[in-house]
Amino acid sequence: LRELRDGEDCFIDELWQPAAGRGIPLLAAQFPRTYLDPNRHAGDIDLVASDDGINIAGGNDASGMGRGVGPGGRMRPGQDAVTYTGNQYLTINGGTIVVEAAGDGLDVNGAVKMTGGLVVVNGPIENMNSALDYDAGFTISGGFLIAAGSAGMAQAPDASSSQYSIQITYPSPLQAGAAVHIESSDGDEVVTFAPLKIYQSIVFSSPELAEGVTYDLYYEGSAAGEEQGGLYLDGTYTPGESIATFTISDTVTRIGNSYR
């Protein structure tokens, strides 16, 4: 209630009535600045950023556009010069996070822990940044993660995670809207995603991925139905070109040649 009241504009008509009484035009919007959406989870975030989408310990510097300290203490472009101190974390345990960023999608100068929720990242097109950028580990044990972006500095969740992940690196950048589709060899759909921006790397993790199961990877085709940030939540997919078949055997399955 407090947050709603903070966004309330009270007595505006009365404040401006003298001006209107003198013939000065007054334009009034009939839609409130603050409203309650009963269908929205408290943890839902939708953002578009000209630099990093979500930045942990970025300070007020140039963030993803500068140089910084990467894993092992080496300098690498696209990070802040902030040394991990052990108390900088991004924890995701529910809700829906949709990010479109020109810099890093999720930039964490520390560790990431994901146990639930839905995360969709349409990340950078320049290789100096990445859809996921972390220094001290990314463990995932639940939830649904898909992140598209450039390939030069692409990262996936750690091999120490209890949930399986896939990292796909294409030989060259693909156009925005070119769909990536994964289904099991039995034909059960796992994910259909049409990134909103040019991309060369896809990172994907879901509880539906299982060890020993064989999957088919498709490129392009067409999708229809409800989508969020390019991720199709339901609907239909018309197959495009089958470009790979793989079997989950490791915590992180890599397809294509990773830059890292």
Side-chain angles (χ1 to χ4, degrees), residues 45-55 62-68 70 76-79 96-108 118-134 138 144-157 165-182 190-206 216-233 235 237-244 246 252-260:
I45 300 173
D46 300 284
L47 62 89
V48 177
S50 59
D51 192 356
D52 296 341
I54 295 177
N55 183 292
S63 190
M65 303 304 183
R67 292 182 60 87
R76 62 188 184 91
Q79 287 192 309
T96 299
I97 301 174
V98 180
V99 175
E100 182 178 345
D104 298 320
L106 306 182
D107 184 359
V108 183
L118 169 65
V119 177
V120 181
V121 178
N122 286 278
I125 62 176
E126 297 180 344
N127 282 325
M128 65 183 291
N129 293 298
S130 58
L132 305 177
D133 186 351
Y134 60 86
F138 187 146
F144 187 104
L145 166 70
I146 190 155
S150 56
M153 301 181 68
Q155 291 182 281
S165 300
I166 299 168
Q167 182 175 10
I168 306 167
T169 305
Y170 296 90
S172 59
L174 305 180
Q175 291 302 310
V180 54
H181 174 83
I182 298 175
V190 179
V191 66
T192 300
F193 181 42
L196 305 181
K197 303 165 63 177
I198 294 172
Y199 68 99
Q200 193 175 354
S201 171
I202 294 285
V203 174
F204 170 60
S205 183
S206 167
D216 296 316
L217 171 64
Y218 289 85
Y219 166 64
E220 287 195 327
S222 60
E226 180 186 359
E227 61 89 18
Q228 191 165 19
L231 174 66
Y232 283 85
L233 305 176
Y237 172 75
T238 302
E241 178 185 358
S242 176
I243 59 174
F246 60 93
V252 182
T253 299
R254 291 181 169 82
I255 303 168
N257 296 319
S258 174
Y259 282 57
R260 296 177 61 82

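Numbering of residues begins at 1 and proceeds along the displayed sequence.
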*Asks:* Side chain of N122, backbone of L196: donor and acceptor closer than 3.5 Å?
*Replies:*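 Checked: pair present.
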
*Asks:* Before giving the answer on side chain to side chain contact (heavy atoms under 4.5 Å, CB included), spell out for T96 and Q228 the whole-Å C-alpha distance, their side-chain angles and the decisive distance to 0.1 Å.
*Replies:* CA-CA 10 Å; T96 299; Q228 191 165 19; 3.8 Å; yes

*Asks:* Is the closest side-chain heavy-atom distance between P157 and V203 below 4.5 Å?
*Replies:* yes

*Asks:* Would you compute the distance between atom CD1 of I146 and atom OG of S205 and round it to the nearest 0.5 angstrom?
*Replies:*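 Answer rounded to 0.5 Å: 10.5 Å.
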
*Asks:* Using ring pair (Phe, Tyr, Trp, His ring centres under 6.0 Å) as the criterion, list what pairs up with Y232, not counting sequence neighbours.
*Replies:*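 Partners of Y232 under the ring pair (Phe, Tyr, Trp, His ring centres under 6.0 Å) test: none.
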
*Asks:* Nearest 0.5 Å, please: how far is CZ in F144 from OG in S206?
*Replies:*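 Going from OG on S206 over to CZ on F144, the span is 5.5 Å.
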
*Asks:* Would you say the side chain of T253 lies within less than 4.5 Å of the side chain of F246, judging by non-hydrogen atoms?
*Replies:* yes

*Asks:* Look at the side chain of K197 and the backbone N and O of G149, then say whether any donor-acceptor pair between them is shorter than 3.5 Å.
*Replies:*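 It does not hold such a pair.
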
*Asks:* Work out which heavy atom in L231 is nearest to a heavy atom in F193; give both atom names and the distance.
*Replies:*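 Heavy atoms of L231 and F193 come nearest at N-CD1, 3.5 Å.
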
*Asks:* Just by distance, do the side chain of Q200 and the backbone of Y170 share a donor-acceptor pair under 3.5 Å?
*Replies:*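 Judged by distance alone, yes, a pair lies under 3.5 Å.
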
*Asks:* Let's go through I54 and I97 carefully: what are the C-alpha distance in whole Å and the side-chain angles of both, what is the deciding distance for side chain to side chain contact (heavy atoms under 4.5 Å, CB included) to 0.1 Å, and is it a yes or a no?
*Replies:* CA-CA 10 Å; I54 295 177; I97 301 174; 3.9 Å; yes

*Asks:* Is there a donor-acceptor pair under 3.5 Å between the side chain of N129 and the backbone N or O of P124?
*Replies:*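 No, because the side chain of N129 does not come within donor-acceptor range (under 3.5 Å) of the backbone of P124.
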
*Asks:* Roughly how far, to the nearest 0.5 Å, is CD of Q167 from CD1 of I255?
*Replies:*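 Reported value, rounded in 0.5 Å steps: 10.0 Å.
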
*Asks:* Does any non-hydrogen side-chain atom of M153 lie less than 4.5 Å from one of N127?
*Replies:* no

*Asks:* Tell me the closest heavy-atom pair linking A148 and I202, and the distance in Å.
*Replies:* CB-CD1, 3.6 Å

*Asks:* Taking all atoms of both residues into account, what is the closest heavy-atom pair of D133 and Q155, and its distance?
*Replies:* CA-OE1, 3.2 Å

*Asks:* Distance from E220 atom CD to I243 atom CD1, nearest 0.5 Å?
*Replies:*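 The CD1 atom of I243 is 10.0 Å from CD of E220, to the nearest 0.5 Å.
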
*Asks:* Output a table of donor-acceptor pairs, distance under 3.5 Å, between side-chain atoms of residues 171-181 and any protein atom two or more places apart or on a different chain; print 'none' if there are none.
*Replies:*
{"from": "H181", "atom 1": "ND1", "to": "V191", "atom 2": "O", "distance (Å)": "3.4"}
{"from": "H181", "atom 1": "ND1", "to": "T192", "atom 2": "OG1", "distance (Å)": "2.7"}
{"from": "H181", "atom 1": "NE2", "to": "E183", "atom 2": "OE1", "distance (Å)": "2.9"}

*Asks:* Taking all non-hydrogen atoms of both residues, which atom of I198 and which atom of I125 are closest, and how far apart?
*Replies:* O-CG2, 3.4 Å

*Asks:* Walk me through whether L106 and V119 qualify under side chain to side chain contact (heavy atoms under 4.5 Å, CB included).
*Replies:* CA-CA 10 Å; L106 306 182; V119 177; 4.3 Å; yes

*Asks:* So which heavy atom on I166 is nearest to which on I182, and how close?
*Replies:*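 It is CD1-CD1, 4.1 Å.
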
*Asks:* Check whether any side-chain N or O of S150 sits under 3.5 Å from a backbone N or O of G152 as a donor-acceptor pair, and report yes or no.
*Replies:* no

*Asks:* F138: which residues meet the ring pair (Phe, Tyr, Trp, His ring centres under 6.0 Å) condition with it, sequence neighbours left out?
*Replies:*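 Y134.
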
*Asks:* Nearest heavy-atom pair of A151 and S201: which atoms, and what distance?
*Replies:* CA-CB, 4.0 Å

